[in-house]
Amino acid sequence: MTAVADRTSTHGTDSRLRAFLASDSVSAWSFLLPFLVIYLLFLLYPVIQAVIMGFYDWDFLDISDRTFIGLENYGRMFWGTNMTWDVTQLWQWRLVGLLGIPLVLRAHRRRAVSRTAMITLVLGVVAVFGIAMGVHPGVDGRWYDSQFWGSFGNTVLFTVMSTPAIVALGLGLAVALNRPGRLVGFLRTLFFAPYVLSVAVLTLIWAFLLNPTTGLIGSAFETVGLEPINWLNNPTWAMPAIVVTTLWWTVGFNLVLFLAGLQDIDKSQYEAADIDGANGWEKFQFITVPGLRRTTLLVVTLQIIASFQIFGQVFIMTRGGPNGATRVAIQHIYESGFRDFELGYSSAMSLFLFVVMVGISVLQFKFFPEES
Amino acid sequence: MTTTTAPAKTQTAEERTHRNRKIRSRLFMAFLFVAAIVWIIPMVWMFSLSLTPNDILQLDTTNLLPQSPTLENFGDVISVGLTPRWFLNSVVVTGVTTLFTLILSAMAGYAFARIDFKGKKFAYPLVLAGLMVPKEAMFVPLFLMFAEVGQHNTYHALALPRIAAPLGVFIMTQFFTAIPNEVEEAARVDGATRWKTFTNIMLPMAAPALTALAIFTFVLTWNDFLWPLVSATQREMFTITTGLASLQGNFAQATELGALMARGVVASLPLLILFIIFQRQLIRGISIGSGGKG
C-alpha cells in the first residue's frame with residue numbers, strides 16, 4: 001500500500017525523474033549532444049546540401065534565385081557536343097592505366113587483395129581507362145566545360161607525380177633516422193619543421209626561391225654556368241616545381257608516420273637476420289618493407305586524399321597558370337562558384353570530387369581484408 | 001701454437017670490420033647532417049631576408065646571413081597594413097576552435113568509450129563516417145548555409161566547421177576505451193555522477209591525449225586556407241594565412257621583399273614556438289590522428 005501511494009506522490013515522480021536523468025542513456029546523450037549538433041549541422045548536412053544544390057542553377061549574387069535543372073550540371077561537367085569514342089584517344093595514359101590490371105591480379109594471387117576488391121578494381125580500371133577515357137569531342141565538337149577535365153586531370157597528374165616521391169622520401173628518411181641519439185633527433189626536427197608552416201608562408205618562400213632573378217635556385221644555376229629557368233612560368237616545369245614545393249612542405253608528416261610504424265617492428269627480427277649474415281639492403285627488403293605494409297598503405301591513402309585536395313600552393317603561386325598547366329580541380333570549383341557565381345554547378349563538381357575521394361578511402365578498407 | 005694465434009687473428013679481422021662499419025656510419029651521419037641543413041635553408045633564407053634592409057635586398061637577395069641586420073621590417077609589420085589585425089583574428093579563431101574541439105571531443109569520446117546507451121550502435125558509426133568526408137570538398141554548400149543566415153565574416157563562421165570534425169572524437173574514444181574499468185568504478189561506487197567522474201577523474205587522466213589533440217588542432221586551424229578564403233572576404237576579417245596570401249602576387253612585393261618576409265616570419269612564429277616546445281605531442285597527435293594508435 002505504502003509503495004503504491006509512494007509511487008503516486010510527487011516525491012515519487014521526482015525520484016523517478018531523477019533516476020531517469022541519472023540513467024546511462026540520458027547522461028550519454030547529454031555528453032554527446034553538443035558535438036553531434038555541430039557535427040550534423042556543419043559536416044554531414046553540407047553533403048546533403050551539395051546533392052540538392054547540384055540539381056539547381058543557383059546564383060551566387062542572389063542566393064534566393066535558383067532554378068531546378070535536373071542533371072544538366074552533370075551533363076555540362078562530363079559531356080560536350082559531337083562526342084565520339086576512339087581507341088587512340090589518350091592511348092599512352094590509358095595503356096599505363098590498364099597495366100594496373102596485372103598488378104591487381106598479382107596482388108590477388110598473393111592474397112594481398114580480397115576477391116571482391118580484385119573484381120571491383122579490375123572492372124573499375126577497364127571502365128575508366130578502357131572505355132571512359134576514350135570519349136572525346138569529335139570534329140566540330142567541344143566540351144561543354146572546356147576546363148573541367150583539364151583541371152581534374154591536373155589534380156590527378158599532381159597526385160601521380162607527388163605521391164610516389166613523397167612516400168619514398170618519407171620512408172627513406174625514416175629508415176635513415178630511426179636510431180637513438182641527440183643529433184639524429186635534431187635532424188628529424190629539421191626535416192619535419194616545414195610541416196608547421198602555413199601554405200601562405202610556404203608559397204611566400206618558394207615563389208621567391210624559384211624566381212629566376214631573386215631566388216637561390218636561380219643563383220645556384222648561374223654559379224654553375226646554367227641559364228636560370230623561370231620554373232613557375234614554364235608550362236613544362238610549373239607542375240614539377242609545385243610538386244617539389246609540396247614535397248619539401250609535407251615529407252615530415254610521412255616521416256613521422258613511418259617512424260611510428262618502424263617502432264612496431266620486432267627488433268629481434270633484425271638480430272636474427274644479423275646472425276644469418278644479412279646485409280642492410282636484405283634486411284630492408286625482407287623485414288622493414290613487409291613490417292611497414294600497414295603503415296605504407298595508410299600513408300599512401302592519406303597522401304592521395306591530401307593530394308586530391310591540392311589548392312593553396314597552386315592558387316597563390318601560379319593562379320593555375322601558365323596557360324592552365326597547373327589549374328587544379330578545387331581551383332575550378334572555387335572559381336566557378338566565387339568568380340563565375342554558379343553555386344549549383346560548383347556544388348555538382350565538389351560532389352564528384354567527393355565521390356572520387358570517398359571511393360579511394362573505401363578501396364583502402366577493401367585492401368585490408370584481415371582488418372575490420 | 002695454432003690454437004692461440006687463430007683467435008687473435010679473427011679478433012683483428014672483427015675489429016677491422018667493426019671499425020669500417022663505424023666509419024661508414026659516421027660518413028652516413030655526415031651526409032644526413034648536410035642534407036638536413038640544405039633542407040632547412042629555405043626557412044633560414046626567409047629569416048635572413050626579414051632581417052635585411054629593403055634597399056640591400058634590391059641588389060642582392062641570396063644571402064643566408066642578413067647583411068647589416070635590422071628590425072625595421074618588423075616595425076613595418078606593425079605600422080603598415082592589417083597584419084596585426086589578421087594575427088589577432090587567427091589567434092581568436094584558432095584558440096576558440098582548439099578549446100571547443102577539446103571539450104566537445106572529450107565529452108563525446110567519454111560517452112562512446114565508457115557508457116552503454118541506447119543508440120550507440122547507430123551514433124558511433126555515424127560519427128566515424130564523417131572521417132571520410134574530405135576537409136576541402138564541401139566548402140560550397142557550407143558557404144551557402146552561412147550566407148543564407150548572413151553570418152559570413154564572423155569568427156564563429158570561421159570556427160564552427162572546423163569544430164565539427166570527428167577526428168578528435170575518434171582519438172578521445174580510443175584513449176578512454178584504453179583506461180581500465182576499475183578506475184571509474186571506484187568513483188561510481190562512491191556515488192559520483194557521470195559528470196563528476198568525467199571532470200574529476202577521466203579528464204585529468206586524458207591530459208596527454210588532450211595535449212596532443214590540442215597541438216594538432218591548433219596547427220591545422222592556424223594553417224586553414226580555403227574556408228577562411230571563402231568565408232571571410234572583408235579584409236579586416238582575413239586570418240593571417242589568407243591575409244598573407246592576399247599580399248603575394250602583386251607588384252609592390254619586389255620593393256618590399258624584406259617586409260613581406262617579416263610577415264611570413266610573424267605568421268609562422270606561433271607555430272614554430274609551439275613546435276619547439278611541444279614537438280613530441282604534435283608528433284604523437286599526428287600518429288594517433290592518422291593511424292588510430294599512439
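The sequence lines fix the lettering, A, B, ..., with proteins before strands; numbering per chain opens at 1. Predicted model only: the values in this text are computed from it and were never measured.
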Subject >> Side chain / backbone / both / neither for B:L64 at chain A, heavy atoms under 4.5 Å >> reply: side chain
Original post:
Who wins among B:I163, B:T101, B:L229, B:I103 for the most heavy-atom pairs under 4.5 Å with chain A?
Top reply: B:L229
**OP:** Could you tell me which portion of B:L126 (side chain, backbone, both or neither) has an atom closer than 4.5 angstrom to a non-hydrogen atom of chain A?
**Re:** both
Original post:
Run the ring-ring contact (aromatic ring centres under 6.0 Å, His included) check on B:W227 and B:F146 step by step: do they pass?
Top reply: CA-CA 12 Å; B:W227 178 243; B:F146 280 95; 5.7 Å; yes
Original post:
Using non-hydrogen atoms only, which part of B:I41 is less than 4.5 Å away from chain A: side chain, backbone, both, or neither?
Top reply: side chain
Original post:
In terms of heavy-atom pairs under 4.5 Å with chain A, which of B:L272, B:L131, B:L244 leads?
Top reply: B:L244
Original post:
Which bit of B:F275 comes within less than 4.5 Å of chain A, counting heavy atoms only: side chain, backbone, both or neither?
Top reply: side chain
**OP:** Would you sort out whether A:S350 and A:S347 count as a side chain to side chain donor-acceptor pair (under 3.5 Å), showing the intermediate values?
**Re:** CA-CA 5 Å; A:S350 354; A:S347 265; 4.8 Å; no
**OP:** Heavy-atom distances under 4.5 Å only: say whether B:I240 touches chain A with side chain, backbone, both or neither.
**Re:** neither
Subject >> Contact winner vs chain B - A:V358, A:I52, A:L197, A:L353, heavy-atom pairs under 4.5 Å >> reply: A:L197
Subject >> A:Q263 versus A:N178, side-chain donor and acceptor atoms under 3.5 Å >> reply: yes
Subject >> Which portion of A:V251 sits near chain B, non-hydrogen atoms under 4.5 angstrom >> reply: side chain
Original post:
Checking A:F308 against chain B: side chain, backbone, both or neither under 4.5 Å from a heavy atom?
Top reply: neither
**OP:** Among the options A:F186, A:W206, A:F60, pick out the one with the most heavy-atom pairs lying under 4.5 Å from chain B.
**Re:** A:F60
**OP:** Classify the side-chain pair B:T94/B:T97 by whether it contains a donor and acceptor separated by less than 3.5 Å.
**Re:** no
Original post:
Centres of the A:W249 and A:Y195 rings: under 6.0 Å?
Top reply: no
Original post:
Between A:V184, A:L259, A:V256, which residue shows the highest count of heavy-atom pairs closer than 4.5 Å to chain B?
Top reply: A:V256
Original post:
Picking from A:I330, A:I305, A:L40, which has the most non-hydrogen pairs under 4.5 angstrom with chain B?
Top reply: A:I330
**OP:** Show your working on side-chain contact (heavy atoms from CB on, under 4.5 Å) between A:I48 and A:L44 and close with a plain yes or no.
**Re:** CA-CA 7 Å; A:I48 298 164; A:L44 283 198; 5.8 Å; no
Subject >> Step-by-step salt bridge (Lys or Arg N to Asp or Glu O under 4.0 Å) determination, A:R66 to A:D59 >> reply: CA-CA 6 Å; A:R66 54 174 196 253; A:D59 189 6; over 6 Å; no
**OP:** Begin with the C-alpha distance, continue with both residues' side-chain angles, and end with the deciding distance and a verdict on side-chain contact (heavy atoms from CB on, under 4.5 Å) for A:W58 and A:F341.
**Re:** CA-CA 8 Å; A:W58 202 310; A:F341 308 130; over 6 Å; no
**OP:** Would you sort out whether B:W195 and A:F31 count as a ring-ring contact (aromatic ring centres under 6.0 Å, His included), showing the intermediate values?
**Re:** CA-CA 9 Å; B:W195 181 252; A:F31 272 104; 5.6 Å; yes
Subject >> Side chain, backbone, both or neither of B:V169 within contact of chain A (heavy atoms, under 4.5 Å) >> reply: side chain
**OP:** Indicate yes or no for a side-chain donor-acceptor contact from B:Y110 to the backbone of B:M172 under 3.5 Å, with no hydrogens or angles considered.
**Re:** no
Original post:
Measuring heavy-atom distances to chain B, does A:L33 have an atom under 4.5 Å in its side chain, in its backbone, in both, or in neither?
Top reply: neither
Subject >> Engaged part of B:F143 at the chain A interface, taking heavy atoms whose separation is under 4.5 Å >> reply: side chain
**OP:** Tell me, with the steps shown, if B:F218 and A:V196 meet side-chain contact (heavy atoms from CB on, under 4.5 Å).
**Re:** CA-CA 10 Å; B:F218 195 97; A:V196 302; over 6 Å; no
Original post:
Given that the side chain runs from C-beta out, which part of B:M46 has a heavy atom under 4.5 Å from chain A: side chain, backbone, both or neither?
Top reply: side chain
**OP:** Please state whether the side chain, the backbone, both or neither of B:T241 comes within less than 4.5 Å of a heavy atom of chain A.
**Re:** both
Original post:
Is it the side chain or the backbone of A:S30 that comes within 4.5 Å of chain B heavy atoms, both, or neither?
Top reply: backbone
Subject >> chain A contact via B:L104 - which portion, at a heavy-atom distance below 4.5 Å >> reply: both
Subject >> Expected output: side-chain A:T203 to main-chain A:A200 donor-acceptor under 3.5 Å >> reply: yes
Original post:
For the ring pair B:F112 and B:F176, is the centre-to-centre distance below 6.0 Å?
Top reply: no
Original post:
Among B:P166, B:G119, B:P141, B:G243, who wins on heavy-atom pairs under 4.5 Å with chain A?
Top reply: B:P141
Original post:
How about A:W248 and A:F191: are their ring centroids closer than 6.0 Å?
Top reply: no
Subject >> Region of A:R179 in contact with chain B, defined by heavy-atom distances below 4.5 Å >> reply: side chain
Original post:
By a 4.5 Å heavy-atom criterion (distance strictly below it), what part of B:W39 contacts chain A: side chain, backbone, both, or neither?
Top reply: both
Subject >> Residue among B:G264, B:P42, B:A108 with most heavy-atom pairs under 4.5 Å to chain A >> reply: B:P42
Subject >> Engaged part of B:A35 at the chain A interface, taking heavy atoms whose separation is under 4.5 Å >> reply: both
**OP:** Answer with side chain, backbone, both or neither: which region of B:F216 has an atom nearer than 4.5 Å to a non-hydrogen atom of chain A?
**Re:** side chain
Original post:
Top residue by heavy-atom pair count (under 4.5 Å) with chain A, among B:M43, B:R162, B:K118?
Top reply: B:M43
Original post:
Short question: side chain of B:S231, backbone of B:P228 - any donor-acceptor pair under 3.5 Å?
Top reply: no
**OP:** Report the C-alpha distance between B:V127 and A:F35 in whole Å, list the side-chain angles of each, state the deciding distance to 0.1 Å, and finish with yes or no for side-chain contact (heavy atoms from CB on, under 4.5 Å).
**Re:** CA-CA 10 Å; B:V127 171; A:F35 174 77; 4.1 Å; yes
